[in-house]
Structures are given as structure tokens and as C-alpha cells.
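See structure below.
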Amino acid sequence: MKSVICDMFNIEFPLIAFTHCRDVVVAVSKAGGMGVLGAVNMTPDQLAEELAWIDDHIDGKPYGVDLIVPNKFIGKGEAVDQAALGAAIPDEHHQFIQEILGQHDIETDGKPELGNMTFVENLQEEGARNALEIAFQHPIKLIVNALGVPPQIMKDMAKQHNVAVGALVGAKEHAVAQIASGVDVLIAAGGEAGGHCGDVSTMVLIPEICRALKEIGDTTPVLAAGGITTGTQMAAAMSMGAAGAWCGSVWLTTVEAETNPIVKEKMLKASSRDTVRARSRTGKPSRQLRTAWTDAWENETAPEALQMPLQGMITEPALARVDKLSQSHHEGAKELATYWVGQGVGLMTESLSAGQVVQQFKQDYISAYETLAASLNG
């Protein structure tokens, strides 16, 4: 297929898969797209193990790594101090979580529980440095940053290793700033996206960014993201100027995905209206599957979400317990269980292998192209 993204990464089809599952990375790359491993929650040792496994199974196909190094968060640039961060969390937030769990018959000891600090450490540039040093020991072709301009160390190391740098953006002005910083690929994520996202819809954001780049004479390729789960949507985005698609949610219900089976089942039954964009999980706006957990945080009696990384430090331990209990048939936990997913979940109605999803994208894309061509031919 003719695309600057295909040429840049030597792939057959410009479909990039963001995933936390190494099996999905390998399957998508082998099917002609390219997998990108989300590594923000991994220690250096875990990342090294995952990338070594990918190298052994991907048959030399290209892949990438994604990190989150935000431009703004509490404690940025400071030594990570779990005690100090924990002291900054109000008691009412701990109590509120205890109440949610108690209301769903999940026993608690009443003691505040904080998540492991790997995520917090990896947000810092020093933590990112450790991850980058591991990543660049492997034949990755793309390194991506979310929630801001990639740190200089990421750009410097990428240049040294001849690796492209990508960045996620949710607004036109962010895209222009990323271009000024020297990124090689823009991932324009509309508000329909799962995980962290802005509030501008994909249908508006893609042409807005592509037009802005054209006006300044810039040719940086744009990957469309946000609610895209079919090749038809991918074709629509490319007709507006995108060079390909970046998808995350669609892989969550694949056979290979490590998604909690209870949550996977919920996703397969969900409609496009069964998600909520809120700050209640990480402290920054992110879209999640709507459940009793998200409803509790949206209630007017809920405390206001804390800033990143404090909010995640108190929610992730509780949600990890919920995930574990839900898989042992605990009804209260099943009601609470949730995960990040975009509005495209309403189109995710069957569990296919990741390779099958790529092939379906290709078929849908061809069908969309033929439909447009037929309209021109009369």
C-alpha cells in the first residue's frame, strides 16, 4: 500500500497497534501492520524481558515502544518519595475508595493502600532514561511519548539509534508545538479514544491538524487515532489527510489480549455510549468503560480527582483487587471491573485474533475505497 508510514517503517499496511500485550505486538507486525508496546508500567527488567521475547518471536518485523513522560504532574523533576506523595493524598479519598469497595462486598482493613511506584518513577525523565536505555538495546523502529513534548533525552537517543519519534496530541496547537520540537510522527487522538485523550472529536481533529501542517509547509505524517476500530474508519481518516491509523482499544478484545476476561466480556456487549471520559483514574482525562466504579466517581458526593500521579496511586491498587476478585466470580467486583477503552467499543462485537483484526481492517479499507470510487464513476 502506498503510504509514507509504510515507507518509513517498511510495513505493508499503515495500521499501528498500541498495546500492553507482547503477543499482540508480534501478531500485528507479522500481519503487515506494526505493534507498539506500552511500557509505562514496566520496570527496566520487565521491559527487557518483554522486548527480548518480542525479538525472538517477531521474525525481524518492525515494532515500537510507547512511554508516558508528561510535561506537567505533581513532583515533576523531584526525587520520587512515596511517603511524601502519600502524605499529599487526603484521607477522604482513601475513605471514599473503602466505601466503594465495601458497598460491593469487598472486605477491606481500612488502611490506606498505595500503588507500586514503577508508574510514578517512569513518569520522570530519569525513569524514562532507564526505560529508553533498555528499549534502544533492541531493534525498535519507533519510540512514542504521550501527554506532552517528548523529553530531550528521548529525541537525542532516538536520533543516535536512527529511530523515529512519535507523539500523541489532542489539539491543533499541541500538534504545531510537537512539530516545532522535531517529532517525526504525529498521533492525532480524538476524544473518542480510550485512555488519555482530549475533547475534540477525531472527525474534526484530523483535518484541523492536517490543514495546520499544510499551512506551515510541514510534511510530518499524521496517524489518526480515537474510536477507530474498522478499516472503513481508517479509510475515512486517510481521506482527510492522515497517513495511517493508530489503534489501541480494538486489540483489547482479541484472543491474545491479556484483558481481564470479565472486562473483555463487558466490552463485547457494550455500546458506544458505555464509556466515560473522566479524571478519576489517573488525574488526567481518560476514557474508560462505564461501570459501577466510574459511576461512583461521577456521583456528586465523590471527592474531586487528585492530580497525576496521586489519583492513580490510590485507584490502581483497588482496581487490581477488583480485577482479581472479579475473575473468581465475586459479583460485586464484576460490577466494578473496568478498563480504558474508546467509544469504538460499540463496534467491537466479537473476539478475533489480532492477525484477523488486521486482515479485517484491510478488507474494510478496500471496501471503503471501492464505495468512494463507485460514487465518482457514477
Sequence neighbours excluded - salt bridge (Lys or Arg N to Asp or Glu O under 4.0 Å) pairs with any residue from residues 32-54 | R22-E50
According to the salt bridge (Lys or Arg N to Asp or Glu O under 4.0 Å) rule, which pairs have a member within residues 205-226, sequence neighbours left out?
-> none
Kindly compute the distance separating OG1 (T232) from CG (D364), expressed to the nearest 0.5 Å.
-> 4.0 Å
Counting only heavy atoms not in M240, do more than 12 fall under 6.0 Å of its CE?
-> yes
Nearest heavy-atom contact between M238 and P14 is CE-CG, 4.1 Å
In Å, rounded to the nearest 0.5 Å, how long is the span from CG of L186 to CD1 of I206?
-> 10.0 Å
Just checking, any donor-acceptor pair under 3.5 angstrom between side chains of Q152 and D156?
-> yes
Any donor and acceptor pair, going by atom type alone, linking the side chain of H104 with main-chain N or O of I100 inside 3.5 Å?
-> yes
Can you get from I54 to V28 by hopping between Ile, Leu, Val, Met, Phe, Trp and Tyr side chains that sit under 4.5 Å apart?
-> no
Quick check, are the ring centers of F18 and W251 under 6.0 angstrom apart?
-> no
Would V165 and L142 show up in the same hydrophobic cluster when neighbours are defined by side-chain heavy atoms closer than 4.5 Å?
-> no
Do Q288 and T294 meet the criterion of a side-chain donor-acceptor pair at a distance under 3.5 Å?
-> no
May I ask whether V25 and L47 are part of the same hydrophobic cluster, defined by side-chain heavy atoms of I, L, V, M, F, W, Y residues being less than 4.5 angstrom apart, directly or through others?
-> yes
Can you measure from CG (L325) to CD1 (I262) and round to the nearest 0.5 angstrom?
-> 11.5 Å
Would you confirm whether H93, through its side chain, and I89, through its main-chain N or O, come within 3.5 Å as a donor-acceptor pair?
-> no
side-chain contact (heavy atoms from CB on, under 4.5 Å) with P139: which residues, sequence neighbours excluded?
-> D55, Y63
Going through the distances and angles, do W297 and R279 end up as a side-chain contact (heavy atoms from CB on, under 4.5 Å)?
-> CA-CA 9 Å; W297 281 98; R279 294 177 53 235; over 6 Å; no
Sequence neighbours left out, what passes ring pair (Phe, Tyr, Trp, His ring centres under 6.0 Å) with H138? Give chain and number order.
-> none
Determine yes or no for a side-chain-to-main-chain donor-acceptor pair under 3.5 angstrom, with D199 supplying the side chain and G191 the backbone.
-> no
Is the backbone of V255 close enough, under 3.5 Å, to the side chain of S353 for a donor and an acceptor to pair up by distance?
-> no
In Å and rounded to the nearest 0.5 Å, what is the CG to OG1 distance from L352 to T253?
-> 7.5 Å
Can you list the residues that meet the ring pair (Phe, Tyr, Trp, His ring centres under 6.0 Å) rule with F9, with sequence neighbours excluded?
-> none
Determine whether more than 12 heavy atoms belonging to other residues, nucleotides or ligands lie under 6.0 Å from atom CD of E173.
-> yes
In plain terms, say whether E192 and R287 are close enough for a salt bridge, that is, a side-chain N and a carboxylate O under 4.0 Å apart.
-> no
Heavy atoms from other residues, nucleotides or ligands near NZ of K266 exceed 12 (cutoff 6.0 Å) = yes
Regarding D323 and S326, is there a side-chain donor-to-acceptor distance under 3.5 Å anywhere?
-> no
Answer yes or no: are there more than 12 heavy-atom neighbours, outside R277 itself, under 6.0 Å from its atom CZ?
-> yes
Under 4.5 Å between side-chain heavy atoms, hopping through other hydrophobics if needed: is there a path connecting L205 to V176?
-> no
Flag if over 12 foreign heavy atoms under 6.0 Å of CG, D56 = yes
Spatial distance of atom CE (M234) from atom CG (L15) [nearest 0.5 Å] | 5.5 Å
Where the side chain of K141 meets the backbone of K61, is there a donor-acceptor pair that is under 3.5 Å apart?
-> no
Give a yes or no answer on whether the side chain of T259 reaches the backbone of L252 with a donor-acceptor pair at less than 3.5 Å.
-> yes
K172 atom NZ: more than 12 heavy-atom contacts under 6.0 Å | no
Distance only, no hydrogens: is a donor on one side chain within 3.5 Å (strictly under) of an acceptor on the other, for E370 and S367?
-> no
Rounded distance [0.5 Å steps], CE in M34 versus CD1 in I140 = 9.5 Å
Under the 3.5 angstrom rule, does the side chain of T275 hit a backbone N or O of G342 as a donor-acceptor pair?
-> no
Taking atom CD of E304 as the centre, report whether more than 12 heavy atoms of other residues, nucleotides or ligands fall under 6.0 Å from it.
-> no
Pair up each side-chain donor or acceptor in residues 312-320 with any protein partner under 3.5 Å, not counting sequence neighbours, and list the distances.
from	atom 1	to	atom 2	distance (Å)
T315	OG1	R281	O	2.9
T315	OG1	Q311	O	3.1
E316	OE1	R281	NH2	3.1
E316	OE2	R281	NE	2.8

Side-chain H-bond candidate by donor/acceptor type, S272 with Q343, under 3.5 Å = no
